[in-house]
Amino acid sequence: MKDLQKNNDLTIRPADKGGAIVILNTKDYLEECMRQLEDTTTYKKMKSDPTEEFYRQLQIYCKKRTREGLLLEQEERFIMGTERRIPIFYCIPKIHKDPFRPPGRPIVSGINSLSSNLSQYIDKLLQPVVKCMPSYVKDTTEVVKLVEGLEWEDNWYMGSLDVNTLYTIIEHSQGLESLRRQLSDHLLETQLAFLLEGVRFILEHNYFYFEGDFYVQQRGTAMGTRFAPSYTNLFMAQWESHHIGPKLGTSLVLWRRYIDDVFFIWRDSREALNNFLEEVNINSLNLRFTSTVSQESIQFLDLNICVEGTKLVCSTYQKDVAKNGFLRYSSCHLPRWLSNIPVSQFRRLKRNCAKTDQFEVEAGILKQQLLDRDYPVTILEEALTKVNKMDRETFFKNKVATEDDNIRLILPFQSNYKKVEGIIRKYWCHLLEDKYIGGLLTEQPKITYTKVPSIGLKVAPSIKKKKTIGASSWLSLQGFF
């Protein structure tokens, strides 16, 4: 593993889809990254590290809005309380597009970066509006519940649409205008102006480091910033309000979208459908769609959706490039967490599969995959028995969130975790007696663990550590990891 880490001729990345690990020639990987970064409509090279200057601008924004009463002091402290790590650009290979010369999906790793807390704060404001979109679907569970409740007719078509490179094609002005229109009925004018100014700051200060240079993204938003899915969702919702809404209830029976993936049902002629698919690609927003249409079956998210008589029936879909990416049972993770993996995966299959015989086939494949990862037969059989006894209909009922008042201790997992837990519980009573913090604590803490870095993460960091000689240089600044 250490040899792989030190080998600068190879670059190792997780695949964009399918769970595979991809080993690339570094030369090819860098060429793909630079191919994207040399698109001057999307990216611009900067002369130097802008972190401190951008941070001063963020301070001005926050302090002004706090004085105006639009930000609470604790909200200002949260937004400003970032570690200011330098964002890192990298690509993950789309081997499902081309296994030999895979194009890369651009990612900016911005955890704890200058605008990460502002992005998280804005996302919390946008989420309730996103959930009100007519086309909104939360997850696969909602899709299964929706399509299995439909009555299918012989002359209908179903299809899927995928928006090409949605995150990087949105012009800032068009994105902000879409947000303004989508939010105007939900916020006061002063609140709306404050939020749009925050979004503008994130978009215009989306900088990152790659191979010795700093860049700023001039168009679109980074895949990696917290508010990006909400931003792109509302951008698409504004387009849909003009181009899709008027057709719903006429030619369009159904239109549901998960960020940039669309599932729809059409009840007009094939010629009218072809015209519709041409029309959606004619717009001034850079939106370009790839489409698949069928009267028999379609793939959407992790589902196969098939026509059987007057019903739509679901089962689980996996791409051809999918690999066995389950953790080994012997890996350094909390045992009860590892033991829950089979139950959760069998539940997923039962949720996806409308027919019992299809579930049994897929469960057999899953069982073999987990056996190949050294899961004990007894644990797998117990998990499968438990899931077989569950009523599939309960998977589609809305869960009511319960409040948990317990103090939560979050610790890095290690093999002697039981000893650590014993020490904490033994001496917790002394903390309860403390005059300063005792009143803030609960009778016993709830202990949870962060995951241990995997081998994949060790050999495929977003940036390799640079070897320095003598005194530390700017390359050793916090933010490079």
Side-chain angles (χ1 to χ4, degrees), residues 15-19 92-97 102-107 123 126-127 130-148 150 157-170 175 178 182 220-225 227-241 243-245 247-248 252-266 273 276-277 279-281 283 285-294 296-307 312 314-322 348 351-352:
D16 180 47
K17 290 181 173 68
I92 51 178
K94 299 180 180 182
I95 57 173
H96 60 286
K97 302 283 188 183
R105 182 182 297 279
I107 305 290
D123 186 56
L126 296 180
Q127 275 291 326
V130 170
K131 293 174 182 177
C132 294
M133 298 184 309
S135 62
Y136 174 78
V137 284
K138 179 183 178 182
D139 52 24
T140 297
T141 300
E142 284 194 8
V143 177
V144 174
K145 184 178 179 180
L146 180 67
V147 301
E148 289 187 357
L150 291 172
Y157 295 86
M158 59 179 167
S160 65
L161 292 172
D162 178 37
V163 187
N164 298 335
T165 61
L166 176 59
Y167 283 81
T168 56
I169 63 170
I170 304 173
S178 295
Q182 286 292 306
T221 183
M223 281 192 70
T225 186
F227 93 114
S230 296
Y231 174 70
T232 52
N233 259 317
L234 292 171
F235 174 77
M236 288 298 299
Q238 181 59 28
W239 174 80
E240 288 169 339
S241 67
H243 298 272
I244 302 303
K247 290 183 173 61
L248 280 171
L252 270 176
V253 177
L254 181 74
W255 176 280
R256 288 293 186 274
R257 178 174 50 79
Y258 184 83
I259 307 178
D260 57 353
D261 292 314
V262 175
F263 173 75
F264 69 91
I265 295 176
W266 183 268
L273 175 54
F276 168 72
L277 295 175
E279 287 172 9
V280 296
N281 279 298
N283 59 77
L285 300 178
N286 299 319
L287 293 175
R288 297 293 179 268
F289 298 85
T290 54
S291 60
T292 304
V293 175
S294 174
E296 298 174 356
S297 67
I298 211 80
Q299 288 78 47
F300 181 63
L301 302 182
D302 62 340
L303 293 174
N304 273 314
I305 304 173
C306 301
V307 177
L312 293 177
C314 296
S315 59
T316 304
Y317 169 69
Q318 285 191 331
K319 290 185 179 292
D320 294 337
V321 296
R348 169 178 168 264
R351 176 204 65 190
N352 287 2

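Listed by chain and residue number, Asp123, Lys131, Ser230 satisfy the side chain to side chain contact (heavy atoms under 4.5 Å, CB included) test with Gln127 (two or more places apart in sequence, or in another chain). For Thr225, the side-chain hydrogen bond (donor to acceptor under 3.5 Å, both in side chains) test picks out Ser119, with sequence neighbours left out. Take Leu150 and apply the side chain to side chain contact (heavy atoms under 4.5 Å, CB included) test, not counting sequence neighbours, and it matches Leu254, Ile265, Leu312. For Asp139, the side chain to side chain contact (heavy atoms under 4.5 Å, CB included) partners are Thr141, Glu142, not counting sequence neighbours. Residues satisfying the ring-ring contact (aromatic ring centres under 6.0 Å, His included) test with His243, not counting sequence neighbours, are Trp239. By the side-chain hydrogen bond (donor to acceptor under 3.5 Å, both in side chains) test, Thr140 pairs with Asp302, sequence neighbours left out. Checked against side-chain hydrogen bond (donor to acceptor under 3.5 Å, both in side chains), Asp16 has the following partners two or more places apart in sequence or in another chain: Arg105. Judged as a ring-ring contact (aromatic ring centres under 6.0 Å, His included), and not counting sequence neighbours, the contacts of Phe300 are Phe263. With sequence neighbours left out, Ser241 forms a side chain to side chain contact (heavy atoms under 4.5 Å, CB included) with Gln238. Not a single ring-ring contact (aromatic ring centres under 6.0 Å, His included) links Phe235 to another residue, sequence neighbours left out. Residues satisfying the ring-ring contact (aromatic ring centres under 6.0 Å, His included) criterion with Phe276, sequence neighbours excluded, are Trp266. A search for side-chain hydrogen bond (donor to acceptor under 3.5 Å, both in side chains) contacts involving Ser178 returns nothing, not counting sequence neighbours.
Closest approach of Met133 to Ala237, counting heavy atoms only: SD-CB, 3.4 Å. For the residue pair Ala228 and Tyr167, the shortest heavy atom distance occurs at CB-CE2, 3.6 Å.
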Inset, instruction - Verify side chain to side chain contact (heavy atoms under 4.5 Å, CB included) between Gln318 and Lys17, making sure each step is shown before the conclusion. - result: CA-CA 10 Å; Gln318 285 191 331; Lys17 290 181 173 68; over 6 Å; no
Inset, instruction - Walk me through it: do Asn304 and Asn352 pass the test side chain to side chain contact (heavy atoms under 4.5 Å, CB included)? - result: CA-CA 9 Å; Asn304 273 314; Asn352 287 2; over 6 Å; no
Inset, instruction - Show the numbers, then the answer: is there a side chain to side chain contact (heavy atoms under 4.5 Å, CB included) between Leu303 and Thr316? - result: CA-CA 5 Å; Leu303 293 174; Thr316 304; 5.8 Å; no
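Using a 4.5 Å cut-off on side-chain heavy atoms (C-beta onward), Ile170 and Thr221 make no contact. Looking at heavy atoms from C-beta onward, Leu277 lies in side-chain contact with Leu161 at the 4.5 angstrom threshold. Put simply, the side chain of Asp260 does not reach to within 4.5 Å of the side chain of Thr232, judged on heavy atoms. Two residues are said to be in side-chain contact when any heavy atoms from C-beta on lie closer than 4.5 Å; Val130 and Leu234 meet this criterion. Counting heavy atoms from C-beta outward, Val163 and Ile259 have side chains that stay 4.5 Å or more apart. Considering only heavy atoms from C-beta on, Glu148 comes within 4.5 Å of Cys314 through its side chain.
Checking side-chain atoms of Thr165 against main-chain N and O of Thr168 turns up no donor-acceptor pair under 3.5 Å. Distance alone, capped at 3.5 Å, is enough to place a donor-acceptor pair between the Arg257 side chain and the Asn233 backbone. Looking at Asp162, its side chain never comes within 3.5 Å of a backbone N or O of Asp261 through a donor-acceptor pair. Using a distance-only test at 3.5 Å, with no hydrogens or angles considered, no donor-acceptor pair links the side chain of Arg256 to the main chain of Phe264.
To the nearest 0.5 Å, atom CG of residue Asn281 and atom CZ of residue Arg288 are 6.0 Å apart. In this structure, CG on Leu301 lies 10.0 Å from OG on Ser160, to the nearest 0.5 angstrom. Summarising the geometry, atom CD1 belonging to Ile298 is positioned 6.0 Å from atom CE belonging to Met158; distances are rounded to the nearest 0.5 Å. Atom OH of Tyr317 is separated from atom OG of Ser297 by 10.5 Å, given to the nearest 0.5 angstrom.
Within a 6.0 Å radius of OH in Tyr157, more than 12 heavy atoms belonging to other residues, nucleotides or ligands are found.
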